[in-house]
Asker: 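Just dropping this structure here.
All figures in this text were calculated on a predicted structure; none of them were measured in a lab. Proteins get letters first, then strands, A, B, ... in listed order; numbering begins at 1 in each.
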Amino acid sequence: MRMSRMFGRTLREMPGDAETPSHALLLRGGYIDQLMSGVYSFLPLGQRVKLKVEQVIREEMDRAGAQEVHLPALQPIELWEQTGRKAQMGDVLFQLSDRRERGMALGPTHEEVITRLFKDHAFSYRDLPVTLYQIQTKFRDEARPRGGLVRVREFTMKDAYSFDADDDGLDASYAAMFEAYRRIFARCGVPTLPVEADSGAIGGKGSQEFIFPTETGEDTVVFCNRCTYAANTEKAAFVRPAAIVSAPAAIEEVETPGVTSITALATFLGIEAKQTAKAVFYMATLKGQRSGVPVFAVVRGDLEVNEIKLANALGGAELRPMVDAEVAEYGLVAGYASPIGVLAPVRVIADTSVAESPNLVAGANRAGWHLRNVNHDRDWQAEVVADIATAQVGHRCAQCEQGTLGSTRGIEMGHVFRLQYVYTTSMDVSVQDAQGTQLKPTMGCYGIGVERIIAAAAEVHRDDAGLAWPASIAPYDVHMVGIGLDRDEAARADADALYDALHEAGLEVIFDDRDERPGVKFNDADLIGVPLRLTVSSRNHAAGIVELKVRDGGEASSVARAEAVAAVVAHRQTLLDSLTTEAAEIAARQFGSDQG
RNA sequence: CGGGGCGUAGCUCAGCCUGGCAGAGCGCUGCGUUUGGGACGCAGAGGCCCGCAGUUCGAAUCUGCGCGCCCCGACCA
């Protein structure tokens, strides 16, 4: 590509709406353009990067034995009603109707469609196992798009779906995808940490997320400093700090005027936060139901309620905090709520910490008063005692029981799920087994956000001057910068010859042949971030050399003109080879240990 | 959906408080000088000042109602 002909230009100033450095550089470099909130166009440079990322994914999916398909984005709404996910996804699902008023949705994901496709074309256990994948545009009406390409409403996702005869087969398919993901992220130069994750609204049991660690991330993950345990805090298990042991004592009321927070309560009474019980009220809409039920959640004062875990403890539910009117309606006193004497229909759910800790201070359900020596089982009983608290930095690891948990923010780059029979049940899918009886296949699904890989790669591979793409996903392999060629016909002819020779060697080349000053060209080259830069000039031509510079490396070096093509080919290969180890090294630096 | 901020040239922004010619820098077009890390001169093009309704002799500016975009929270297969 001759830059004089390339559509899109670099911006000298930072665009106003850019939040993260990577977002700003993608906008400044002329890679992307925002059309509306959460919707982006890809200019030629951006489209090339996107295609490169997709190609890496495609190669690794194919290597893992998956087969590519193309699925409709436009889908009948009945499919979503059948699995119950129309209600479950709610406003996130983009809905529309055709001229005959038939209801449709723009696919936010494709479990329903792929399961239907499988049902229509697989009839025998001999058709198993099979893994199908697609790299396509998906649509979600997100409540709040954010972070440039991180959370958008129209995006490209690779989704793979596996079908197996039994759960051992599923484990094998899952493992193959897991390994493919490790290779994909490594090849794209994006460090990721695999963590245990909540399965969320998609259903199924057992899932892992690949988290790209960054302070601007939406997720918080914890990881052990001694063993391999790492988990999203939505899911993370932990050992609760030991309770202060004492024999159960008699309940007594204590006046606590104006003391409505745990911190204030502990200070006022001269006790530790873990000697108190904390109550939080929610309205929960349970799975398959319309109206909400009131929920009284209790955790020990030193812990926080984890709404995801709480929702799971309720068997799947949408939660929102109670409003004041509801608090009053159910006879609760904010700041002084007591688990003793909570009346139906309020459901009381307690964290295990509360059941294990004797003589806690809890509210008296009367403004200005608390109760000392409240004991679970003796004084009150929760309907469910479960893990509903959030793991925090400093907590003990539940896996090795030795290490301490640290935490980091991060962005979810990919997610692998064991769906099992969720969709084959709701969509009534079966094939015949060897005995001639019906066999229900077990499923897995495996997603990767393409734009998120681009954003993460840009976030990691950049400096003050601009982007510095990994060779695997750079828009071009080499950036030729022509200097002073307008005044030197021979040098220009030689530059053109080199441009052609690089192409013949199979390289993708961008050639800055514009009538610009050298500084502009060098700065644009740094901003655009192609991994290798070749400077061709009148001066270099006279000396029989070109200058080769690695974008993410040191100084430019002189290479004999005759060796130029070979040098570029060799450097490029070195860069590609280094990628598989680079991500692992960055991850190791970030977490102090290789997370397996 | 709550809270906050912002909509003026392609981009970054002044102007608004205190109503009276629509501006700057960058970018863009032409000519000339320049040419190894974002040059300079001259001459230009480019605007429904987000929209609608008010107030006023007069509105980018004041008021109301919308719409859009960004941030925090809620939400997030």
Asker: Contact class for A:E112 vs. all strands (heavy atom < 4.0 Å): base, sugar-phosphate, or nothing?
Answerer: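 The residue A:E112 makes no contact with any strand.
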
Asker: Can we say A:K309 and A:D198 salt-bridge, meaning some charged N sits less than 4.0 Å from an Asp/Glu carboxylate O?
Answerer: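 So A:K309 does not pair with A:D198 through a salt bridge.
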
Asker: Touch check for A:P15, heavy atoms < 4.0 angstrom, all strands: base, sugar-phosphate only, or nothing?
Answerer: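 Sugar-phosphate: the residue A:P15, judged by heavy atoms under 4.0 Å, touches backbone atoms but no base.
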
Asker: Which is true for A:N540 with a 4.0 Å heavy-atom rule: it touches a base, it touches only sugar-phosphate, or it touches nothing?
Answerer: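 Base contact - A:N540 has a heavy atom under 4.0 Å of at least one base atom.
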
Asker: Identify the nucleotide, in any strand shown, that forms a Watson-Crick or G-U wobble pair with B:rC40, with both distances under 3.5 Å; if there is none, say none.
Answerer: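 B:rC40 is paired, partner B:rG32.
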
Asker: Going by purine N1 to pyrimidine N3 plus the second Watson-Crick contact, or the G-U wobble pair, all under 3.5 Å, which nucleotide sits opposite B:rC69?
Answerer: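 For B:rC69, the partner nucleotide comes out as B:rG5, under the 3.5 Å rule.
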
Asker: Examine the base of B:rG37 for any acceptor or donor lying under 3.5 Å from a partner atom in the side chain of A:E516, and report the outcome as yes or no.
Answerer: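 It does not, because no donor-acceptor pair links the side chain of A:E516 to the base of B:rG37 below 3.5 Å.
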
Asker: Check for me whether A:R182 meets the cation-pi criterion with A:F210, that is, NZ or CZ under 6.0 Å from the six-membered ring centre and within 45 degrees of the ring axis.
Answerer: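 No, a cation-pi geometry is absent between A:R182 and A:F210.
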
Asker: Suppose we define a pair by two distances each less than 3.5 Å, Watson-Crick or G-U wobble; what does B:rG58 pair with here?
Answerer: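 Looking at the geometry, B:rG58 pairs with no nucleotide.
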
Asker: Please name the nucleotide paired to B:rC49 by Watson-Crick or G-U wobble geometry with both distances under 3.5 Å, or report none.
Answerer: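 Its partner is none (no Watson-Crick or G-U wobble pair with both distances under 3.5 Å).
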
Asker: Within the 4.0 Å heavy-atom criterion, would you say A:R9 contacts the bases, only the backbone, or no part of the nucleic acid?
Answerer: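 Sugar-phosphate only.
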
Asker: Report yes or no: is there a donor-acceptor pair, N or O only, under 3.5 Å between the side chain of A:E13 and the base of B:rG25?
Answerer: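 Result: at least one qualifying N/O pair found.
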
Asker: Does A:D524 reach a base, just sugar-phosphate, or nothing at all? Heavy atoms under 4.0 Å.
Answerer: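 It contacts base atoms.
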
Asker: Measure distances between side-chain N and O atoms of A:R151 and base N and O atoms of B:rC76, and say whether any donor-acceptor pair falls under 3.5 Å.
Answerer: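 Yes, the side chain and the base share a sub-3.5 Å donor-acceptor pair.
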
Asker: Just wondering, more than 12 heavy atoms not from A:H541 lying within 6.0 Å of its NE2?
Answerer: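 Result for NE2/A:H541: enclosed.
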
Asker: Taking any heavy-atom pair under 4.0 Å as a contact, classify A:Q34: base, sugar-phosphate, or nothing.
Answerer: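 Sugar-phosphate, backbone atoms only, no base.
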
Asker: State which residues pass ring pair (Phe, Tyr, Trp, His ring centres under 6.0 Å) with A:H415; sequence neighbours excluded, sorted by chain then number.
Answerer: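 Here the qualifying residues are A:F417.
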
Asker: Write down the partner of B:rC26 under the Watson-Crick or G-U wobble criteria, each distance required to be under 3.5 Å.
Answerer: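 WC or wobble partner is B:rG10.
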
Asker: Would you indicate what A:G147 reaches in the nucleic acid, counting non-hydrogen atoms under 4.0 angstrom: base, sugar-phosphate, or nothing?
Answerer: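 Contact class for A:G147: sugar-phosphate only.
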
Asker: Go through B:rC76, B:rC69, B:rU35 for me and flag the one nearest to the A:S37 side chain.
Answerer: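 Minimum distance to the A:S37 side chain belongs to B:rC69.
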
Asker: Over all strands shown, is A:I483 touching base, sugar-phosphate only, or nothing at heavy-atom distances under 4.0 angstrom?
Answerer: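 Base contact.
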
Asker: Under 3.5 Å, is there any donor-acceptor pair linking the side chain of A:R533 to the base of B:rG37?
Answerer: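 Yes.
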
Asker: 5'-most contact on RNA chain B: A:Y446 or A:V520, nearest heavy atom basis?
Answerer: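 Checking each residue's closest nucleotide, the 5'-ward one belongs to A:V520.
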
Asker: Could A:R2 and A:F511 be counted as a cation-pi pair, given that NZ or CZ must be under 6.0 Å from the ring centre and within 45° of the axis?
Answerer: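 Because its charged atom misses either the 6.0 Å distance or the 45° angle limit, A:R2 does not stack over A:F511.
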
Asker: Is a donor-acceptor pair below 3.5 Å formed from side chain A:R28 to base B:rG27, judging by atom type as modelled?
Answerer: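 A donor-acceptor contact between them is absent.
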
